[in-house]
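I have placed the structure first, in the form of structure tokens, so that the comments after it can refer back to it.
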Amino acid sequence: MAQTLDPDCSDAPESGDTPRLQVSVTPGARGNVHVLVCGEIDLHNAAGLRGALLVALTTYRGTVTVDLEAVTFCDCAGLNALLQARSDALNVRRQMWITAAGRQVGRLLRLTGTEALLCARPTPAGGAGDTDDRVLRPPAPLTA
């Protein structure tokens, strides 16, 4: 059963309104959980995102995957919420990965050097030369 702060990521804001943060937490196989985030992440709602990620970490026992493809804006407060959630996951010996990010979030992660921490292996979504839009995938397991 999905736990949702605002389930419909297709909601467009009324003209002049600020897009709301929408977060959906959906359980998957083997205790894994998928978190879908839509809208804008900023100082005013980053705590809500971190709270949803903490619910995912404490309620489910598997890997937490985060889809940020539909996020249209993310400031440093949003990035901090993601980094804090990653730290929380590591503290309880769990994995949390961003599996998809739109152009703006992907650029933020690359510019701040946090892409490798949160996503590990960026793969261009388009053809050759399309380096601004990326699909982010979890890393391959480390081998000795």
Side-chain angles (χ1 to χ4, degrees), residues 1-28 31-142:
M1 176 178 222
Q3 296 177 346
T4 306
L5 296 179
D6 192 347
D8 188 4
C9 287
S10 64
D11 278 348
E14 297 295 323
S15 180
D17 288 347
T18 302
R20 297 183 314 240
L21 176 67
Q22 303 166 341
V23 181
S24 175
V25 178
T26 306
N32 295 331
V33 61
H34 183 72
V35 180
L36 174 65
V37 185
C38 307
E40 296 186 354
I41 308 168
D42 60 23
L43 178 63
H44 301 290
N45 59 24
L49 173 61
R50 181 161 187 235
L53 293 171
L54 285 174
V55 166
L57 281 169
T58 58
T59 305
Y60 304 96
R61 67 181 191 282
T63 298
V64 176
T65 58
V66 183
D67 181 341
L68 301 174
E69 184 72 35
V71 172
T72 56
F73 176 80
C74 183
D75 68 5
C76 60
L79 178 60
N80 190 41
L82 292 167
L83 291 169
Q84 288 176 337
R86 177 188 181 270
S87 178
D88 294 336
L90 292 175
N91 285 338
V92 293
R93 298 179 189 264
R94 301 271 304 290
Q95 295 184 11
M96 185 191 92
W97 299 112
I98 295 174
T99 57
R103 176 181 223 142
Q104 194 276 337
V105 174
R107 184 170 190 266
L108 173 67
L109 296 174
R110 284 188 303 281
L111 289 175
T112 59
T114 55
E115 183 180 40
L117 289 173
L118 295 168
C119 311
R121 258 191 350 194
T123 304
D130 186 13
T131 57
D132 286 336
D133 292 322
R134 296 179 183 212
V135 175
L136 304 169
R137 305 190 190 288
L142 295 175

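Here, residue 1 is the first one in the sequence, and each next residue gets the next number.
Checking side-chain atoms of Glu115 against main-chain N and O of Gly106 turns up no donor-acceptor pair under 3.5 Å. Between the side chain of Asp75 and the backbone N or O of Leu43 there is at least one donor-acceptor pair closer than 3.5 Å.
Across all their heavy atoms, Ala81 and Ala46 have their closest contact at CB-O, 3.6 Å. The two atoms that bring Ala56 and Val25 nearest to each other are CB-CG1, 4.2 Å, heavy atoms only. Of all the heavy atoms in Asp67 and Ala100, the pair that sits closest is OD1-CB, 3.5 Å. A pairwise comparison of heavy atoms in Val23 and Val35 identifies CG1-CG1, 3.7 Å as the closest pair. Nearest approach of Gln104 to Cys74, heavy atoms of both residues: OE1-N, 3.1 Å.
Taken from SG in Cys76 to CG in Asp42, the straight-line distance is 10.0 Å, to the nearest 0.5 Å. The OG1 atom of Thr63 lies 10.0 Å from the CG atom of Leu57; values are rounded to the nearest 0.5 Å. Here the CG-CG distance, from Leu53 to Leu82, works out to 6.5 Å after rounding to the nearest 0.5 Å. Atom CD1 of Ile98 is separated from atom CD of Glu69 by 11.5 Å, given to the nearest 0.5 angstrom.
With Val71 as the partner, the side chain to side chain contact (heavy atoms under 4.5 Å, CB included) test is satisfied by one option alone out of Val66, Val105, Leu21, Leu36: Val105.
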* To do: Applying side-chain contact (heavy atoms from CB on, under 4.5 Å), run through Thr99 and His34 and close with a yes or a no.
  => CA-CA 10 Å; Thr99 57; His34 183 72; 4.2 Å; yes

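Residues in residues 86-95 take part in these side chain to side chain donor-acceptor pair (under 3.5 Å) pairs, two or more places apart or across chains: Arg50-Asp88, Gln95-Trp97.
Residues that satisfy the side chain to side chain contact (heavy atoms under 4.5 Å, CB included) test with Leu79, not counting sequence neighbours, are Leu83, Leu108, Leu109, Thr112, Thr114, Leu118.
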